[in-house]
Structure formats: C-alpha cells, structure tokens
Amino acid sequence: MATLEIHNISDELPLLFVHRIPQFGVFFKTRLLTKFRLFDPLSPSEDSDVDALRNSARVLLCVGPSRVTADTLAQLPELRVVVGSSAGIDHIDLDECKRRGIAVTNAGDAFSADVADYAVGMLIGVLRKVNAGDRFVRRGMWLQGSDFQLGSKVGGKRIGIVGLGSIGYLIAKRLKAFGCAIAYNSRKEKPSVPFQYYRNVVELAEDSEVLIVCCALTDETYHIINKDVMRALGKDGVIINVGRGNLVDEDELVKALLQGELGGAGLDVFENEPGVPEELFKLDNVVLSPHKAALTPESFAAVEDVVMANLEAAFSNKPLLSPVC
C-alpha cells in the first residue's frame, strides 16, 4: 500500500482542504474537527486567506461525486493525497493525479454489502413483480377483480455479473444461495473464484438470463451494455444496474423495453441524474431507484471510518487503507 511523506510545520491541527458540491455536506464534520483544521471553500471563514490555504494544502477530502479535474489540481500545487468518500472514482482525473504524483483513495469496501443487498432486492422486485404488485393493490385493481401477471422464479436463474469486484463478488455469493448459476465478465479472470469467466460481454449475455452491472465506469466500460448486449440477452432478459448510469446505453435500453425486446430492468443509476426517461415510469417490468443502493446508516458509519483512517494515515506517513493509485 502507498506510504506518503507529509510533514506538518507546526503543532496546530493539520489542514484538510474540503472539496464538495453544494448538494453534499460533510456528514461527519464534528468528528473531523477533532483531528483536522478544515477549510471548505463553500463556507469559508471571514479571515481565511484562501490563496494561502490553497497553496499549502497537501490533503484533499473529496466529498461524494465532486469532480476533481486537472484544473482543480492545478489550484493546489502542494497536494499529495486525494481522499475520496465514494466507491466509484470516475469523477477524479486519475491520469492527472498520477502525473502529479498524487495518491488517491476511495471508500474501499464500505458500501459493498449494502449495494449487493440492493442489487438482489431489485432483481427480486423485477422478477417477482413486487413493485408492480404494490401498485396493483394501491390502485384498487385487486378489489376490482383484475388479473395480475405472474412473476418469474429467482432460484436457478443464469446470472451474468459485469464487474466481479467486491460488490460483484458479494452479489454472486448472495445469488448462489438462491441456487443461481453465476458467470462473470471482468478486466481479468479471477482464478480464485468458482464462477465461469467470459472475456466478452455479448457472449456472457448470450448465456445469461440476467445481467447485473456493477463495474467501474471508465473510458473502456462506457456503454458496455449496448444494443448488441441487449439483443444477446433476449426478450426475457433482465438488466440490473447498480454501477453508474453511463455503463448502459440508456436510449437503447428504453427502446428495448418499450418494444418488448427485454424482459425488465432494475435501475438505481441513470445517465443524466436526477433525470430519468419518462417512458420508464409507466412500465411495470421496471424498478426505479434514486441512486441510493449504497446508502444506509451502517454504510455511512463504515465509510466514515475508512475516510478517517485514510486521513490519519496520510498525515502520519503511514500506508493508506484503500489506495486506488
């Protein structure tokens, strides 16, 4: 793991530069203030010398999906570490960080179990029509004697997981308990796991009834679930996305669902959040969620611990807990 040389030049609390967008607050600010001197450009104190603080900051706390671009880094010439609080890092310019010798961390496995639970929950919701049944009852259709279309069994399904990282592996473990057959696509084959590996996502889709998308968003994985993959999955196939919206070609997904070329979808993420294609609202074979798969009180507590450990390691010249680069 990465170890960094950071020296405090005084006995005062070390400076922690906060980087966030207005929608995201620092959810454990009180705990941070016991260890660090915070500077938040969105709520600076009146006597703050902003330029001096930018020029001296060596550790940056990136809250949520706040973008860390080359311009951001250029304004922090002494920066040595970016400590992230999310599992995904597609909002951070990793190439520029590497070029500048800046280490980057993420939330590690703090969110993994909760996202895995949510993915399985969405799959059950789609296949067994849980959400559709709820709407059926609330609209009074059961009382009227209307017919409710039966759902499909979860157990025994052939599941293709796109991205067998910590989240993907936990999803696989959960669905294995349902008696599902698990296969996966990932950047590299993982000899330590007992699941079949596919180098090509189209081939994985051809041999699957469900695709669960939980890989990292990169240039290579942008729209990894495209028209060809959807066609290979087939008209009874289901797509669950708990990764990033841009992993799926949303326009093609909407077309496939409207035209009956897919069996259903469970979507926690979208390409233009918080915008969601309105065509999906009327579909009973689609479960929608506002990008909350990772968020529980327990996961917040876990990520708080990971972030604090990374910050303390950075300022103590110790190995970082969850380094990405």
Side-chain angles (χ1 to χ4, degrees), residues 1-108 110-111 216-217 273 295 300-325:
M1 292 191 295
T3 305
L4 299 147
E5 292 291 331
I6 295 178
H7 303 284
N8 298 319
I9 57 175
S10 72
D11 292 331
E12 66 182 1
L13 293 175
L15 171 66
L16 177 59
F17 203 94
V18 176
H19 181 65
R20 64 183 179 91
I21 52 180
Q23 301 95 302
F24 283 77
V26 184
F27 61 91
F28 56 106
K29 185 175 181 178
T30 300
R31 184 176 176 186
L32 288 168
L33 286 170
T34 65
K35 299 281 187 176
F36 311 107
R37 180 167 55 104
L38 302 188
F39 176 69
D40 182 352
L42 294 185
S43 58
S45 60
E46 293 183 3
D47 59 347
S48 296
D49 186 339
V50 177
D51 289 338
L53 290 169
R54 287 186 186 278
N55 289 332
S56 62
R58 297 193 175 190
V59 179
L60 180 76
L61 173 61
C62 179
V63 180
S66 309
R67 297 193 66 79
V68 178
T69 65
D71 288 341
T72 307
L73 299 172
Q75 296 176 45
L76 301 163
E78 297 298 317
L79 192 66
R80 299 293 305 280
V81 191
V82 174
V83 173
S85 62
S86 61
I89 52 171
D90 49 285
H91 54 289
I92 300 174
D93 189 336
L94 292 184
D95 289 338
E96 184 65 12
C97 287
K98 290 175 183 176
R99 191 185 74 80
R100 291 175 173 269
I102 297 170
V104 178
T105 72
N106 68 355
F111 294 120
L217 177 61
E273 295 177 3
L295 305 184
F300 274 122
V303 78
E304 181 179 326
D305 288 342
V306 172
V307 169
M308 287 297 294
N310 277 320
L311 290 172
E312 291 177 4
F315 285 111
S316 303
N317 301 325
K318 294 180 179 178
L320 299 170
L321 183 64
S322 56
V324 176
C325 76

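Because the structure is predicted, anything quoted here is derived from the model rather than measured. In this chain, numbering begins with 1 at the start of the sequence shown. Hydrogens, waters and symmetry mates play no part in the numbers below; they use all other heavy atoms, side chains included.
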| task | Search all heavy atoms of V307 against all heavy atoms of G84 and return the closest pair with its distance. | result | CG2-O, 3.8 Å
| request: Could you tell me whether the side chain of L42 reaches within less than 4.5 Å of the side chain of P22, counting heavy atoms only? | output: yes
| field | Non-hydrogen atoms of G64 and S86 that approach each other most closely | value | O-OG, 3.8 Å
| Selection residues 14-24 - residue pairs positive for side chain to side chain donor-acceptor pair (under 3.5 Å), sequence neighbours left out | R20-D40
| Partners passing side chain to side chain donor-acceptor pair (under 3.5 Å) against T69 (at least two apart in sequence or in another chain) | T72
| field | Criterion side chain to side chain contact (heavy atoms under 4.5 Å, CB included) on F315 and V81, from CA distance to verdict | value | CA-CA 10 Å; F315 285 111; V81 191; over 6 Å; no
| Do you know the tightest heavy-atom contact between S85 and F111? | O-CE1, 3.6 Å
| request: State, to 0.1 Å, how close L79 and I102 come at their nearest heavy-atom pair, and which atoms those are. | output: O-CG1, 3.4 Å
| field | Contact check, side chains of L61 and V63, non-hydrogen atoms, under 4.5 Å | value | yes
| request: For S56, enumerate each residue passing the side chain to side chain contact (heavy atoms under 4.5 Å, CB included) test, keeping only those at least two apart in sequence or located in another chain. | output: L15
| query | Can you name the side chain to side chain donor-acceptor pair (under 3.5 Å) partners of E273, sequence neighbours left out? | reply | H291
| field | Set of side chain to side chain donor-acceptor pair (under 3.5 Å) partners for S66, sequence neighbours left out | value | none
| request: Using the side chain to side chain contact (heavy atoms under 4.5 Å, CB included) rule, take L60 and F17 through it: C-alpha gap first, then chi angles, then the decisive distance, then the call. | output: CA-CA 5 Å; L60 180 76; F17 203 94; 3.5 Å; yes
| said: Under the rule for side chain to side chain donor-acceptor pair (under 3.5 Å), what residues qualify as partners of E312, not counting sequence neighbours? | reply: none
| task | Sequence neighbours left out, what passes side chain to side chain contact (heavy atoms under 4.5 Å, CB included) with N106? Give chain and number order. | result | I89, S322, V324
| query | What pairs meet the salt bridge (Lys or Arg N to Asp or Glu O under 4.0 Å) rule with one or both residues in residues 61-78, with sequence neighbours excluded? | reply | none
| said: Checking P77 now: which residues fulfil side chain to side chain contact (heavy atoms under 4.5 Å, CB included) with it, not counting sequence neighbours? | reply: N55
| said: Restricting to non-hydrogen atoms, name the atom on V303 and the atom on A107 that form the minimum distance, rounded to 0.1 Å. | reply: CG2-CB, 3.4 Å
| field | Qualifying residue for side chain to side chain contact (heavy atoms under 4.5 Å, CB included) with V104, from C62, C325, P323 | value | C325
| query | Can you name the salt bridge (Lys or Arg N to Asp or Glu O under 4.0 Å) partners of D93, sequence neighbours left out? | reply | none
| said: To the closest 0.5 Å, what do you measure between CG (L16) and CG (L53)? | reply: 11.5 Å
Please list every donor-acceptor pair under 3.5 Å in which a side-chain atom of residues 26-33 meets a protein atom from a residue at least two apart or in another chain.
| residue | atom | partner | partner atom | Å |
| --- | --- | --- | --- | --- |
| R31 | NH1 | E304 | OE2 | 2.9 |
| R31 | NH1 | D305 | OD1 | 2.9 |
| R31 | NH2 | D305 | OD1 | 3.4 |

| note | CG of N310 to OG1 of T105, rounded to nearest 0.5 Å, is 4.0 Å
| message | Run the salt bridge (Lys or Arg N to Asp or Glu O under 4.0 Å) test against R100 and tell me which residues pass, sequence neighbours left out. | response | E96
| Closest approach of A313 and P319, non-hydrogen atoms and distance? | CB-O, 3.3 Å
